[in-house]
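Here is the structure we will look at, set down as structure tokens.
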Amino acid sequence: MSLHLEHLNPEQLSAVTLPDEHALILAGAGSGKTRVLTTRIAWLVKGGRVAPAGILAVTFTNKAAREMLTRIGAMMTVNPRGMWIGTFHGLCNRMLRAHAREAGLPSAFQILDSQDQLAAIKRLSKSMNVDEERFPPRELQYFINDRKEEGVRARDVPPADENTRRVTELYAAYDEQCQREGVVDFPELLLRSYELLARNEILREHYARRFRHILVDEFQDTNRLQYRWLKLFRSQDAQYFCVGDDDQSIYTFRGAHVGNMGDFEREFKVKHVIRLEQNYRSHGNILDAANALIANNRNRLGKNLWTSAGKGEPVRVFEGESDNDEARWIVEEVQSLARDGTRLSHIGVLYRSNAQSRVVEHALFSQGIPYRVYGGLRFFERAEIKHALAYLRLIAMPDDDNAFLRVANFPPRGIGARSIEQLQDAAKLAGASLMKVADGKAAAFKRLIEDLRSQTQGLPLKEVVEAVIAKSGLIEHYKNEREGADRIENLEELVNAAAAFTEEERVNESGETIDPLTAFLTHAALEAGEHQAGDGQEALQMMTVHSAKGLEFDVVFITGLEEGLFPHEQSVTEPEGLEEERRLAYVAITRARHRLYLSHAQTRMLHGQTRYNIPSRFLEEIPQELMKWLTPRFSRQKPFTPDFSRQTRTTLPRPARDVGGFRIGQNVMHPKFGPGVIIDAEGHGNDARVQVNFGNLGVKWLAVAVAKLQAA
DNA sequence: TACTTTGTCCTTTTT
DNA sequence: GGACAAAGTA
């Protein structure tokens, strides 16, 4: 039950024990950020500087929030219940539930996840006869979410042009639809909570008086609205403690605004910016590689990680002939590491995009190496679970048209597209929900839901869920389906999840208990359920670089370091995009404790066709003396000869066709465009043309007779 | 109405 | 290669 302040380095200690002033902590990767944050909270509370109820601590992920609670719990005996610790969305939800009426919401309001939101937008577009070619639902969704995350309502969008005017009209209609149906999307949780406090001075003052210490994790990832939300609690006595790392900002594409760090420093007149630069995770060479790479970014607050650990091993670099070759090599290395005693769960294979996992999975599978892929379809996002949840939602909130449409005819009960259309017309006319106007065959469905509601009234959550999956006909339906067994298993798992959901008595600020079904549905929406089957088992860890943030591994593989992939082709056109890619690479490198592997492949199957990529510029930006090439460095010069000795190869590159002295797949040098790789060719002799991928300079067709191309 | 086949489109994504 | 939606068929 000790804080172990003596184990902190001077910077950590000064951050933890900072007197009453606002603070910005620039915490580098592996510098003990979470430790500082949690020790600070424990130090404040244990020292009697603040009551637990005076703490507001915000993170981005449920995982980080749980981790924080656990660590704080281990440092003190005080019940951390009184503290507000959670994600932005979780805390906003808590606030909206407590003041639903003031916020203009039904007390059992439901939360739409991104999938649900998209479905709602599609439905709206249909009902308003929107041309989906001109206004793709996806883009409407982005538009709406971007505006909400800027704190901008439809009425506040400047009608720049006809297009914007129309899109804004749809934004307004979408919000009306949500309001009518009693549902709230993710960004709405934030915005609604913000508006509630901004308009209700009494409420705002209440919370501003209450929260004396506001601590923010991953501050570089906050968007503009989140920052404004945080500022609502500002008062004479409130102190802000924001921890972040601008070099690890990898979510600007989602609206994160790194500028919040500078704004905070200025607006709160932060006297001391504390830099945590000592890294306790990685060996020297790995850190040097990361530092050298990130030094290429111009937009930085400036920070250099160091370690007292030794240099360690060099960074190992591998060039594969193909993605399959790369995968085969990974498998071999993993096997050899495992033989030498490295635990599989301490090895991470990272990639830029999810599509890359397949090839590696295939290779691992064929060699019988257990692995776990993160970030796939999550438990509460599975179709069968969503169906079951839709029934539950209709019990809690009959006006939820989203839920109605999802299951009115699932399992099929003869309510076809025609009947649905008629219902929608009637509902529109009456200004009511689909459930209200349900007649004909739909009336039977309505009765089913009503019966379920009355029969499960007051029953324990577990029995409610059991009743729903039995009486809805879901189980019956999946029994007859070819691959229904897994789905039935998942539905049974949902019953277990409901049974385990004994969340401490839900009491809101006004002392009313919140209905357990609503609490469970909220839980399902906010925590999509990262836990997977076979969670704690010994397995190789595979994930995108994005989802690796905050994690660490003894051994890390960063794969697919190729121009167009990493950095991604859709990011290299803008300098900011490229810098974000570089930060992403920085995050990837700094996940490694002892050993780091980097790899790229000459050819790769993408979207069903072979692509020829040149090595990533990031490989050039790491000093060569830190690296050890396992294959000859950028062995582009060697003519491409398939190696048949490798048994595991599943596909062979296309046979080389000679065109004007060049071959597809060959690496070339152009006097103006620099290095490139030939990806296509046509014609013969003097008419021969080749298509060359020059990486960030793009893909060009060149006439061999004219262009001064040289074999590189 | 419900199941099968063909045509389009591809980043990353904590909540 | 694979997800998803529109078009085609029983």
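A note on names: the letters A, B, ... follow the listed sequences, proteins ahead of strands, and every chain is numbered from 1. What you are looking at is a predicted structure, and each value in this text was computed from that prediction instead of being measured.
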Most 5' of L526(A) and I250(A) on DNA chain B, judged by nearest nucleotide = I250(A)
Would R372(A) count as a cation-pi partner of Y374(A), with NZ or CZ less than 6.0 Å from the six-membered ring centre and within 45° of the ring normal?
-> yes
Would you say whether H568(A) stacks on dT11(B)? The test is a distance between ring centres of less than 5.5 Å and an angle between planes of less than 30°.
-> yes
Of all residues at least two apart in sequence or in a different chain, which pass the ring-ring contact (aromatic ring centres under 6.0 Å, His included) check with F365(A)?
-> none
Have a look at E581(A) and say if it touches a base, only the backbone sugar-phosphate, or nothing, with a 4.0 Å heavy-atom cut-off.
-> base
Would you kindly give the CG-to-P distance between L578(A) and dT12(B), to the nearest whole Å?
-> 18 Å
Between C1' of dT15(B) and CZ of F186(A), the distance in whole Å | 5 Å
Y142(A) OH - dT13(B) C1' separation (whole Å) | 9 Å
For nucleotides 1-7 of chain C, which of its nitrogen or oxygen atoms have a protein nitrogen or oxygen under 3.5 Å away, and what is each distance?
unit_1 : atom_1 : unit_2  : atom_2 : d
dG1(C) : O6     : H607(A) : O      : 2.9
dA5(C) : OP1    : K122(A) : NZ     : 2.7

Of the listed nucleotides dT13(B), dT12(B), dT14(B), the one nearest the side chain of R352(A) | dT12(B)
E139(A) atom CD is separated from dT11(B) atom P, nearest whole Å, by 13 Å
Look at the side-chain N and O atoms of S571(A) and state whether any lies under 4.0 Å from the OP1 or OP2 oxygen of dT12(B).
-> no
Please work out if F88(A) contacts a base, only the sugar-phosphate, or nothing of the nucleic acid, heavy-atom cut-off 4.0 Å.
-> nothing
Ring stacking, F253(A) with base of dT12(B), under 5.5 Å and under 30°?
-> yes
Spacing between Q570(A) atom CD and dC9(B) atom C1', to the nearest angstrom | 12 Å
Rounded distance (Å) that lies between atom C1' of dT12(B) and atom CZ of R582(A) | 17 Å
Residues which pass side-chain hydrogen bond (donor to acceptor under 3.5 Å, both in side chains) with D245(A), listed by chain and number, not counting sequence neighbours = Q248(A), K303(A)
Using only side-chain N and O atoms of N354(A), determine if any of them is under 4.0 Å from OP1 or OP2 of dT13(B).
-> yes
Over how many whole Å does the gap from Q356(A) atom CD to dT12(B) atom P extend?
-> 9 Å
Non-neighbouring partners of F445(A) that pass ring-ring contact (aromatic ring centres under 6.0 Å, His included), sequence neighbours left out | F404(A)
Determine whether any donor atom in the side chain of R254(A) lies under 3.5 Å from an acceptor atom in the base of dT13(B), or the reverse, and answer yes or no.
-> yes
Only counting residues at least two apart or in another chain, list the ones meeting side-chain hydrogen bond (donor to acceptor under 3.5 Å, both in side chains) with E195(A).
-> R153(A)
Can you list the residues that meet the side-chain hydrogen bond (donor to acceptor under 3.5 Å, both in side chains) rule with Q110(A), with sequence neighbours excluded?
-> none
Salt bridge D113(A)-K386(A), side-chain N to carboxylate O under 4.0 Å = yes
Can you sort out the partners of Y174(A) under side-chain hydrogen bond (donor to acceptor under 3.5 Å, both in side chains), two or more places apart, ordered by chain and number?
-> Q117(A), D185(A)
Got a list of protein N/O to nucleotides 1-4 of chain B N/O distances below 3.5 Å?
unit_1 : atom_1 : unit_2  : atom_2 : d
dT1(B) : OP1    : R418(A) : N      : 3.4
dT1(B) : OP2    : S419(A) : OG     : 3.4
dA2(B) : OP2    : N409(A) : ND2    : 3.1

Excluding sequence neighbours, so at least two apart, what forms salt bridge (charged side-chain N to carboxylate O under 4.0 Å, His left out) with R71(A)?
-> E67(A)
What is the distance, rounded to the nearest whole Å, between atom CD of E381(A) and atom P of dT13(B)?
-> 11 Å
Go through the steps to decide whether E576(A) and T252(A) satisfy the test side chain to side chain contact (heavy atoms under 4.5 Å, CB included), and finish with yes or no.
-> CA-CA 9 Å; E576(A) 295 87 46; T252(A) 60; over 6 Å; no
Does a side-chain heavy-atom distance below 4.5 Å link T559(A) with L350(A)?
-> no
Under the ring-ring contact (aromatic ring centres under 6.0 Å, His included) test, residues paired with Y251(A) that sit two or more places apart | F253(A), H546(A)
Runs of at least three consecutive pairs that involve DNA chain B, where pairs are Watson-Crick or G-U with distances under 3.5 Å = B:1-10 with C:1-10
How would you list, by chain and number, every residue that makes a ring-ring contact (aromatic ring centres under 6.0 Å, His included) with F557(A), sequence neighbours excluded?
-> W329(A), Y597(A)
Mind telling me if dT4(B) is syn or anti? Syn here is a glycosidic angle within 90° of 0.
-> anti
